[in-house]
Number of protein chains: 2
Amino acid sequence: MVSASFGDTQTQILDAAEQLFAEQGFGATSLRSIIRAADVNLAAIHYHFGSKEKLIVATIERMAQPIVQAELKQLAAVQAEHPQPTVEAILHAMLAPALEIVYHGQGDRGLTQARLMGRCRTEPTIEPIGAQAFAKSSQTFLTALQQALPDQSTSELTWKFDLVIAMLIRVLCAADQPNAILQDNSPAETAAAIERLVHFAAAGMKS
Amino acid sequence: MVSASFGDTQTQILDAAEQLFAEQGFGATSLRSIIRAADVNLAAIHYHFGSKEKLIVATIERMAQPIVQAELKQLAAVQAEHPQPTVEAILHAMLAPALEIVYHGQGDRGLTQARLMGRCRTEPTIEPIGAQAFAKSSQTFLTALQQALPDQSTSELTWKFDLVIAMLIRVLCAADQPNAILQDNSPAETAAAIERLVHFAAAGMKS
DNA sequence: AATTAATTAAAACGTATGATTGAATGTAAC
DNA sequence: GTTACATTCAATCATACGTTTTAATTAATT
């Protein structure tokens with residue numbers, strides 16, 4: 001039981017599961033296709049995770065944690081600078097981390113994570129798991145937006161916020177398509193694309 | 001071979017397939033769960049459709065056809081009245097039919113159709129089928145928007161258009177959640193919700 | 001070196017999958 | 001009424017599914 005070598009098999013399984021769940025969905029992905037991609041034994045999944053359901057939860061939580069952390073950190077930085085940040089500044093803190101992770105992640109990992117995020121909102125069975133993984137981020141940003149737009153009702157802000165998340169996920173998932181918001185991965189172009197998306201979303205939020 | 005009684009079994013299969021594909025995804029839905037819900041024999045699917053793949057195509061096309069037709073008709077009406085319609089008018093023609101179908105469809109049919117629409121964009125294997133089913137609508141509305149916003153480049157309009165579709169699908173799929181854009185199904189509330197969404201989307205498009 | 005615990009491997013469990021078959025049933029035309 | 005066609009049905013194919021069990025292997029502790 002060495003902490004350094006912890007989870008080599010676990011990580012292999014999680015990496016393969018992340019990719020296949022993202023591409024095919026949770027229900028359509030078999031444990032056998034995962035162990036084939038991870039090059040491990042079938043029983044390893046049940047040994048390390050217990051069941052397919054628990055593997056799904058572990059995969060989602062591993063994906064969500066760094067994104068939520070980056071979003072909260074960025075929002076805290078913005079709020080430290082300006083006690084009453086603008087809608088644009090809040091949306092920037094919310095959208096930039098995810099976009100940077102996707103566009104500058106190693107290999108296709110970012111796109112995979114984006115698709116997995118999308119899966120969490122489309123699969124009714126999985127939705128509560130995903131909602132819980134992103135709960136801290138959701139409530140924090142919703143509160144910040146409420147302070148920046150005090151004239152709008154909670155329910156109005158809630159569905160608008162929900163639409164901004166939908167836009168973010170779509171931008172992330174469509175990253176490989178022609179006419180994507182961002183074509184090349186240069187830092188300057190990434191920053192410009194984030195600005196475009198923030199501008200688009202802010203216009204809607206303030207409408 | 002009577003044209004009047006055509007497709008009783010076919011329709012039962014399509015109805016069940018539509019619901020299950022929408023709820024669980026294409027890969028995760030078995031033909032046996034479909035024939036169980038449709039109360040038909042297993043072989044009926046292969047007799048009437050040929051394979052699971054072809055059933056998927058038939059299900060998507062049946063769902064898309066009336067929506068595309070309603071959208072195009074509404075746009076034609078708007079264009080007949082004003083040769084150069086506003087962004088809001090174009091978006092209204094684009095969003096209202098789908099929203100009305102969902103909110104005023106018989107039973108949960110509308111919500112099911114919305115979820116199926118969403119599936120067509122999230123399942124990589126299925127995406128080309130869905131894209132083709134909505135192709136006519138997409139290109140027509142994109143052209144109309146291009147005329148209303150001549151200062152924006154094609155690629156800019158394309159990703160913005162794509163985001164509006166993502167918002168539409170999200171609104172449709174989240175129709176049953178708390179804090180949805182629309183709470184009750186009264187015609188007045190539906191019209192108001194459409195107006196809110198059009199306003200939100202138009203602000204982004206013009207940004 | 002011996003013992004214990006952690007991990008991996010192989011095989012099997014019962015059940016479910018998409019697809020196909022050939023017989024049974026209904027329905028039209030002659 | 002009988003032929004011809006369209007449709008439904010039950011049974012079966014080979015394969016794949018999630019899970020469990022038991023044995024082999026590896027690593028850490030004494």
Side-chain angles (χ1 to χ4, degrees), chain A residues 1-62 116 119 123-126 128-129, chain B residues 1-62 116 119 123-126 128-129:
Chain A
M1 212 271 275
V2 179
S3 63
S5 78
F6 159 76
D8 206 33
T9 302
Q10 257 142 311
T11 306
Q12 276 175 263
I13 293 171
L14 285 172
D15 286 346
E18 183 177 73
Q19 176 144 355
L20 291 168
F21 284 152
E23 277 173 11
Q24 310 174 330
F26 302 101
T29 300
S30 71
L31 297 187
R32 282 175 167 85
S33 70
I34 293 171
I35 63 114
R36 224 175 291 134
D39 195 33
V40 299
N41 190 271
L42 175 58
I45 288 181
H46 292 90
Y47 177 78
H48 287 288
F49 299 97
S51 70
K52 184 181 183 180
E53 169 82 17
K54 287 180 187 166
L55 172 63
I56 292 172
V57 174
T59 306
I60 291 173
E61 281 174 352
R62 189 186 71 145
L116 192 63
R119 293 273 176 209
E123 313 274 344
T125 327
I126 303 300
I129 301 170
Chain B
M1 216 267 276
V2 179
S3 62
S5 78
F6 159 75
D8 205 31
T9 302
Q10 256 142 310
T11 306
Q12 277 175 263
I13 292 171
L14 284 172
D15 286 345
E18 182 177 74
Q19 175 144 357
L20 291 168
F21 285 152
E23 278 172 10
Q24 310 173 331
F26 303 100
T29 300
S30 70
L31 297 186
R32 282 175 166 84
S33 71
I34 293 172
I35 63 114
R36 224 174 291 134
D39 195 34
V40 299
N41 189 270
L42 175 58
I45 288 181
H46 292 92
Y47 177 79
H48 288 285
F49 298 96
S51 68
K52 185 181 182 179
E53 170 81 18
K54 287 180 187 166
L55 172 62
I56 292 173
V57 174
T59 307
I60 291 173
E61 281 173 352
R62 190 186 69 145
L116 192 63
R119 293 273 175 208
E123 312 273 346
T125 326
I126 303 300
I129 302 169

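Quick note on labels: first sequence line is chain A, next is B, and so on, each numbered from 1.
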> Which heavy atom in B:Asp39 sits nearest to a heavy atom in B:Gln12, and how many Å separate them?
Replying inline: O-NE2, 4.3 Å
>> At a heavy-atom distance below 4.0 Å, what parts of residues 14-26 of chain B sit against DNA chain C?
In response: none
> Partners of B:Ala43 by side chain to side chain contact (heavy atoms under 4.5 Å, CB included), sequence neighbours excluded?
Replying inline: B:Asn41
>> List the residues meeting side chain to side chain contact (heavy atoms under 4.5 Å, CB included) with B:His48, not counting sequence neighbours, and say none if there are none.
In response: B:Thr9, B:Gln10, B:Ala44
>> For a quick test of reading the model: is some side-chain N or O of B:His48 closer than 4.0 Å to OP1 or OP2 of D:dT8?
In response: yes
> Has A:Thr9 got a side-chain N or O lying under 4.0 Å from the OP1 or OP2 atom of C:dT8?
Replying inline: yes
Distance in angstrom units between [X] [atom1] and [N] [atom2], rounded:
{"X": "A:Phe49", "N": "C:dT7", "atom1": "CZ", "atom2": "C1'", "value": "14 Å"}
{"X": "B:Glu53", "N": "C:dG18", "atom1": "CD", "atom2": "C1'", "value": "13 Å"}
{"X": "A:Ile35", "N": "C:dA11", "atom1": "CD1", "atom2": "C1'", "value": "13 Å"}
{"X": "B:Gln12", "N": "D:dT7", "atom1": "CD", "atom2": "C1'", "value": "13 Å"}
{"X": "A:Tyr47", "N": "C:dT7", "atom1": "OH", "atom2": "P", "value": "4 Å"}
{"X": "A:Asp8", "N": "D:dA27", "atom1": "CG", "atom2": "P", "value": "12 Å"}
{"X": "A:Ile45", "N": "C:dT7", "atom1": "CD1", "atom2": "C1'", "value": "15 Å"}

> Considering residues at least two apart in sequence or located in another chain, which fulfil the side-chain hydrogen bond (donor to acceptor under 3.5 Å, both in side chains) criterion with B:Thr59?
Replying inline: none
>> Assess the residue pair B:Phe49 and B:Ile13 against the criterion (side chain to side chain contact (heavy atoms under 4.5 Å, CB included)); give the C-alpha distance rounded to whole Å, side-chain angles, the decisive distance to 0.1 Å, and a yes or no.
In response: CA-CA 10 Å; B:Phe49 298 96; B:Ile13 292 171; 3.7 Å; yes
> Excluding sequence neighbours, so at least two apart, what forms salt bridge (charged side-chain N to carboxylate O under 4.0 Å, His left out) with B:Glu123?
Replying inline: A:Arg119, B:Arg119
Protein-nucleotides 10-17 of chain D N/O pairs under 3.5 Å:
| from | atom 1 | to | atom 2 | distance (Å) |
| --- | --- | --- | --- | --- |
| D:dA10 | N7 | B:Asn41 | ND2 | 3.4 |
| D:dC17 | OP1 | A:Ser30 | OG | 2.6 |

> Any side-chain heavy atom of B:Leu14 within less than 4.5 Å of one from B:Glu61?
Replying inline: no
> Between B:Thr11 and B:Arg62, is any pair of side-chain heavy atoms under 4.5 Å apart?
Replying inline: yes
>> Using a 3.5 Å distance criterion without hydrogens, assess whether the side chain of A:Lys52 forms a donor-acceptor pair with backbone atoms of A:Phe26.
In response: yes
